[in-house]
Amino acid sequence: KVRYLTEDGSPLNPSTLEQGTVFWCHLKAGVTTSQRVENVALVQIFPSGWEIDATRLRGEAVPSWARRLTLGAEAYLDIRDDRAMWFFDLYRGRELDFLVKLIAVTEGEYILAPASAEAMYDRDFRALVPGQRVQVVAPEGR
């Protein structure tokens, strides 16, 4: 599952954002089978008009609304300029949460890529959340 949230944790539609908007991408992964799924890769590529905010480098704490989430369970996290990738194992009945802080920076129309999760060594386990068109617009009054 993927959802976008404001800084206070309210739902946000990412299809049109004002330049300078700070928001969060919340991804959730779980398994419905009775078996453990090992070596899962979750990848979200963000539009070039959005920038990933380097919260880890500043040691920024997650917002209060995110403290109830199951964060930090990944074995490895790789954040690049345009994407975040998490690697982890999944167990039945346990959902894991992943957060990325973002900023809408460059005006224009973009494609938000699908979010994908798959077991790297077992083709039977994969999931895809469709992408969509998004745009970053000038702030009102400018």
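These numbers come from a predicted model, not from an experiment. By convention here, the first residue in the shown sequence is residue 1.
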At their closest point, which heavy atom of Arg94 faces which heavy atom of Ala73, and how far apart are they?
NH2-CB, 3.8 Å
Using every non-hydrogen atom in the two residues, find where Gln44 and Ala115 come nearest and quote the distance to one decimal.
OE1-CB, 3.0 Å
Do Met85 and Leu42 have side chains that get closer than 4.5 Å, going by heavy atoms?
no
Is there a donor-acceptor contact under 3.5 Å from the side chain of Trp65 to the main chain of Glu7?
yes
Does the side chain of Ile52 come within less than 4.5 Å of Phe46's, by heavy atoms?
yes
Heavy-atom side-chain proximity of His26 to Lys1 below 4.5 angstrom:
no
Minimum heavy-atom distance Gly9-Leu5, with the two atoms named:
O-CD2, 3.5 Å
For residues Ile103 and Val100: do they belong to one hydrophobic cluster (side chain heavy atoms under 4.5 Å, members Ile, Leu, Val, Met, Phe, Trp, Tyr)?
no
If we ignore hydrogens and angles and just use 3.5 Å, is the side chain of Gln35 paired with the main-chain N or O of Arg92 as donor and acceptor?
no
Test of ring centre spacing under 6.0 Å for Trp50 and Phe23:
yes
Is Phe125 linked to Trp86 within one hydrophobic cluster, defined over Ile, Leu, Val, Met, Phe, Trp and Tyr using a side-chain heavy-atom separation of less than 4.5 Å?
yes
For Pro14 and Val134, work out which heavy atoms get closest and say how close.
O-CG1, 3.4 Å
Just how far is it from atom OG of Ser48 to atom CG of Asp81, taken to the nearest 0.5 Å?
11.5 Å
Would you say Val129 ends up clustered with Leu102 if hydrophobic residues are merged whenever their side chains have heavy atoms under 4.5 Å apart, either directly or through other cluster members?
yes
Out of curiosity, Asp97 CG to Arg68 CZ, how far, rounded to the nearest 0.5 Å?
8.0 Å
Contact check, side chains of Arg133 and Gln135, non-hydrogen atoms, under 4.5 Å
no
Give a yes or no on this: more than 12 heavy atoms of other residues, nucleotides or ligands lie within 6.0 Å of atom CG of Asp8.
yes
Short side-chain to backbone donor-acceptor contact, Asn39 and Met120, under 3.5 Å:
no
Taking atom CG of Asp122 and atom CD of Glu38, what is their separation to the nearest 0.5 Å?
9.5 Å
Is it true that Val43 and Tyr121 fall in one hydrophobic cluster, defined by side-chain heavy atoms closer than 4.5 Å?
yes
Are more than 12 heavy atoms from other residues, nucleotides or ligands located less than 6.0 Å from atom CZ of Arg36?
yes
Are Asp78 and Arg80 within salt-bridge range, i.e. N to O under 4.0 Å?
yes
Taking Ile79 as the starting point, is it possible to reach Leu27 by hopping between hydrophobic residues whose side chains are less than 4.5 Å apart?
yes
Do the side chains of Arg123 and Glu118 get close enough for a salt bridge, i.e. N-O under 4.0 angstrom?
no
Do Val137 and Thr16 have side chains that get closer than 4.5 Å, going by heavy atoms?
yes
Check: Ala29 main-chain N/O paired with Glu95 side-chain donor or acceptor under 3.5 Å
no
Measuring only between side-chain heavy atoms, which start at C-beta, is Glu109 closer than 4.5 Å to Val136?
no
Within this structure, what is the CD-OG distance for the pair Gln132 and Ser15, rounded to the nearest 0.5 Å?
6.0 Å
Is it true that Phe88 and Tyr76 have ring centroids separated by less than 6.0 Å?
no
What I'd like to find out is whether the side chain of Leu90 reaches to under 4.5 Å of the side chain of Leu96, using heavy atoms alone.
yes
Rounded to the nearest 0.5 Å, what separation is found between the CD atom of Glu140 and the CD atom of Gln19?
14.0 Å
Does the side chain of Tyr4 come within less than 4.5 Å of Val2's, by heavy atoms?
yes
